[in-house]
Every structure is written in structure tokens, then in C-alpha cells.
> 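Let me begin by handing over the structure; questions about it come next.
Counting begins at 1 with the first residue of the sequence. These numbers were taken from a predicted model, which means no experiment stands behind them.
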Amino acid sequence: MKKNNALLAATIFSIIIGLSFMFVKITLTYEGQLLILAQRFTFAFLGVLVFCVIKPVSWRLNPRETALVFLISLFYPLIFFSSQILGLDHSTVTEAGIIQAIAPAITVLLASLFLKEHIQKIQGIGIFLSIAGVIFLQLMSRSGNYEFHLIGNLLIVVSILATAVYQIMSRSVTQKVSPLQVTIYIIFVGFIFFNSIYFIQNGSLNEYAHSMTKLPYLLSILFLGVLSTAGTSLLSIFAVSKLPVIQVSVFNNLATLITILSGIIILNEPFHYYHIIGAIVIILGVLLVNAHNQPRRIYEKKK
């Protein structure tokens, strides 16, 4: 039952993440990056507080647990959300979605380094193909008469790296701290950090409040704050606490599909032939990476 709940959590997490790229892009047409991040985490934190009122949760952590949670917060939400919104401001939802497909390959690579999960030869080939697909997209964009999004796409890669590190660290931290406690603290850190930066950079309360009078922007921020930030933080950390990190990473494929479709169908973004080729190469790589999704630890192999 716990495994089924974890699989369901990973599925819902992927759907929300898939749609979040589109909503970030929508908010960027109304306001600046710092204000969006500040308000996103304000609503996320309010959502967490409402949850804590309904279901009281202990916030108490010992010094070592607190240090671990704050270390996780450096990668997610701080590095992840900063690089994601900057990346989407200089790229398209469609390209970001395709590049997001390399997340499982990156996760497997890092899991082999830090969790000692053995990479089989076929998985190594898959990692190479996934990365090659991203490079192909950039080369085709640059050589053709298409808009070049190198900086934006590199920032999306940084956000993928941050997510992979976060998931790997969460795997061990949630053995000591409950997923709910970790979620509360990382949302709190994001709330304090992004709001502080916004006001330090001469942000005003008037602009803060006035921006939310625009209904499309308000609905997008609510989705990003409550569902995409607070909701996915809890869902993802619950999933990796019950399932192998590599198995959870497979669900990025669903998020990728939803992101690409939302960019093409809803935002009417351009979709060229090289996007199709790049997506096929990346997804083929991902399939190879997950051809053996039951990770074996190196020390177990030696026995």
C-alpha cells in the first residue's frame, strides 16, 4: 500500500511539474522574476501554515537535522527555482520541457556517485544519448534560422542538476526527518529568502499587492505557490522516501510530455523538426537509463 501511495504521489507530482513551466511563462508576461518568486513562496508558505492548522506537525529538529534540511534548501528551492525562472525567461516552454527529459539520466549519474548505485553499460549509453540530444538541440538552433536559447537552456540544466541533488539528499535525510517536516522547512527558507531579496532590491508593498489584482497572474501564482511549490515538495520527498531515487526519476517522462504539449497547444510556441529528433534521442536515452530500474549498490555486487 505504501508503495502504491508513493507511485501515486510521483504521478501527481509529475503532472503538476509538467504544467508549472507554462504557468511560470504566463507570470513572466506580467511581472519580474523576483516578485514572482517572492509571491510564489508566500502562497506556498501560507498553504503550509493552513495544512499545519488542520494537521498539527512538530517543527522541532535537533541541530544536525536542521543543518541537513538547510543544506537541502540550498539546492531546492533556492538554486532550483532561481535557475528555472531565469531559464524560462530566456527560452521556450517547449525547449525547456524537452531538456527536462534528461533529468532521469542526470539523477542516475549522481546516484551512482553519491549513493553508490551501480550504472550498467546500457544505462551509460542512455546517459550519453540524453546529453547528446540536448547538445543537438543547441547546435541546430544555432546553425539554423531559429532563435538561439543557449543561456536559458543552460539554466534549465542547472535547475535539473539542483533537483537531482535534492532528491538524492532527500533519500538519506528522510530516514531521520519526516518528509512533512522537510517540506515545511524548505518552504519556509524559500519564503524568507526570496521575499528578503525582493525587498532588498527596492521592491514595494504597493507593487506586491497591486500585481495580484490581475486575475490570470493571481491564478498562475496560486497554482505555482500552493500546488507546484508546496504540493510537489511534499509529494516528491514522500515518493523518494519510499521508492528508489532512480525509479522516481522515471516519472519525469510524464512531466516532459505535459510540458511540451502545453507549450505547443496552449502557448502556441514554435515546434521544429529538430525538436522532434532531439526529443526522440533524449527519450531513447532515458528508456535505456531505466532499462534496469532496480538499482544495485556496488558493495552488494561484491558480496
> Show your working on side-chain contact (heavy atoms from CB on, under 4.5 Å) between Leu68 and Val177 and close with a plain yes or no.
CA-CA 9 Å; Leu68 286 172; Val177 186; 5.9 Å; no
> Side-chain contact, heavy-atom cut-off 4.5 Å: Ile12 with Ile16?
yes
> Before giving the answer on side-chain contact (heavy atoms from CB on, under 4.5 Å), spell out for Val24 and Ile36 the whole-Å C-alpha distance, their side-chain angles and the decisive distance to 0.1 Å.
CA-CA 8 Å; Val24 169; Ile36 292 168; 5.8 Å; no
> Given side chains that start at C-beta, do those of Thr229 and Pro77 come closer than 4.5 Å, heavy atoms only?
no
> How many angstroms lie between CZ in Phe238 and OG1 in Thr232, if you round to the nearest 0.5 Å?
15.0 Å
> Just verifying a value: how many Å separate Leu35 CG and Thr42 OG1, rounded to the nearest 0.5 Å?
9.0 Å
> Taking Ile192 as the starting point, is it possible to reach Ile184 by hopping between hydrophobic residues whose side chains are less than 4.5 Å apart?
yes
> Locate the shortest heavy-atom distance separating Ile17 from Thr259; write the atom from each residue and the value.
O-OG1, 4.2 Å
> Would you say that Phe223 contacts Met22 through its side chain, given a criterion of any heavy-atom pair below 4.5 Å between the two side chains?
no
> Rounded at 0.5 Å granularity, tell me how far OH in Tyr166 sits from CD1 in Ile79.
14.0 Å
> Checking side chain to side chain contact (heavy atoms under 4.5 Å, CB included) against Ser159, which of Ile156, Val157, Leu161 comes through?
Ile156
> Among Leu155, Leu28, Leu34, which one satisfies side chain to side chain contact (heavy atoms under 4.5 Å, CB included) with Ile85?
Leu28
> Going hydrophobic residue to hydrophobic residue with side-chain gaps under 4.5 angstrom, can you get from Tyr208 over to Leu219?
no
> What is the ring orientation for Phe45 with Phe188, classed by angle as parallel under 30°, tilted 30 to 60°, or perpendicular over 60°?
tilted
> Can a donor-acceptor pair be found between the side chains of Gln39 and Tyr217 at a distance below 3.5 Å?
yes
> Can you find a heavy atom in the side chain of Arg64 that is under 4.5 Å from one in the side chain of Lys176?
yes
> Is the shortest heavy-atom distance from the side chain of Phe43 to the side chain of Leu218 under 4.5 Å?
yes
> Flag yes if Phe80 and Phe70 sit in one hydrophobic cluster, no otherwise; membership is Ile, Leu, Val, Met, Phe, Trp, Tyr, and two members link when side-chain heavy atoms are under 4.5 Å apart.
yes
> Which atom pair, heavy atoms only, marks the closest approach of Ala230 to Val226?
CB-O, 3.5 Å
> Do Ser262 and Leu267 touch side chain to side chain, with heavy atoms closer than 4.5 Å?
no
> Is there a path of hydrophobic side-chain contacts, each under 4.5 Å between heavy atoms, that joins Ile264 and Ile266?
yes
> Should Val182 and Leu71 be counted in the same cluster of Ile, Leu, Val, Met, Phe, Trp and Tyr side chains packed under 4.5 Å apart?
yes
> Determine whether a donor-acceptor pair (N or O, by modelled atom type, separation under 3.5 Å) exists between the side chain of Glu65 and the backbone of Asn62.
yes
> Quick check: closest heavy atoms across Leu88 and Ala96, and the distance to 0.1 Å?
CD2-CB, 3.7 Å
> On a heavy-atom basis, which atom in Leu78 and which in Phe193 lie closest, and how many Å separate them?
CD2-CD2, 3.5 Å
> Where do Ala38 and Asn195 come nearest, in terms of heavy atoms and distance?
O-ND2, 3.2 Å
> Would you compute the distance between atom CG of Leu46 and atom CD1 of Ile187 and round it to the nearest 0.5 angstrom?
11.5 Å
> To the nearest 0.5 Å, how far apart are OG in Ser83 and CZ in Phe75?
11.5 Å
> So, taking the atom named CG in Leu74 and the one named CD1 in Ile186, what distance separates them when rounded to the nearest 0.5 Å?
12.0 Å
> For Lys25, is there an ion pair with Glu269 - N to carboxylate O distance below 4.0 angstrom?
no
> Taking the six-membered ring where the residue is Trp, are the ring centres of Phe41 and Phe81 under 6.0 Å apart?
yes
> Hey, is the main chain of Gly225 close enough, under 3.5 Å, to the side chain of Ser228 for a donor-acceptor pair?
no
> Does the side chain of Leu61 reach to within under 4.5 Å of the side chain of Val69, using non-hydrogen atoms?
yes
> Passes side-chain contact (heavy atoms from CB on, under 4.5 Å), Leu37 versus Tyr198? Steps please.
CA-CA 9 Å; Leu37 287 171; Tyr198 170 72; over 6 Å; no
> So, do Trp59 and Cys52 sit near enough that their side-chain heavy atoms are less than 4.5 Å apart?
yes
> Determine whether Val165 and Tyr76 satisfy the following criterion, side-chain contact (heavy atoms from CB on, under 4.5 Å), listing intermediate values before the conclusion.
CA-CA 9 Å; Val165 173; Tyr76 186 98; over 6 Å; no
> Have Tyr30 and Ser220 got a donor and an acceptor in their side chains that come within less than 3.5 Å?
no
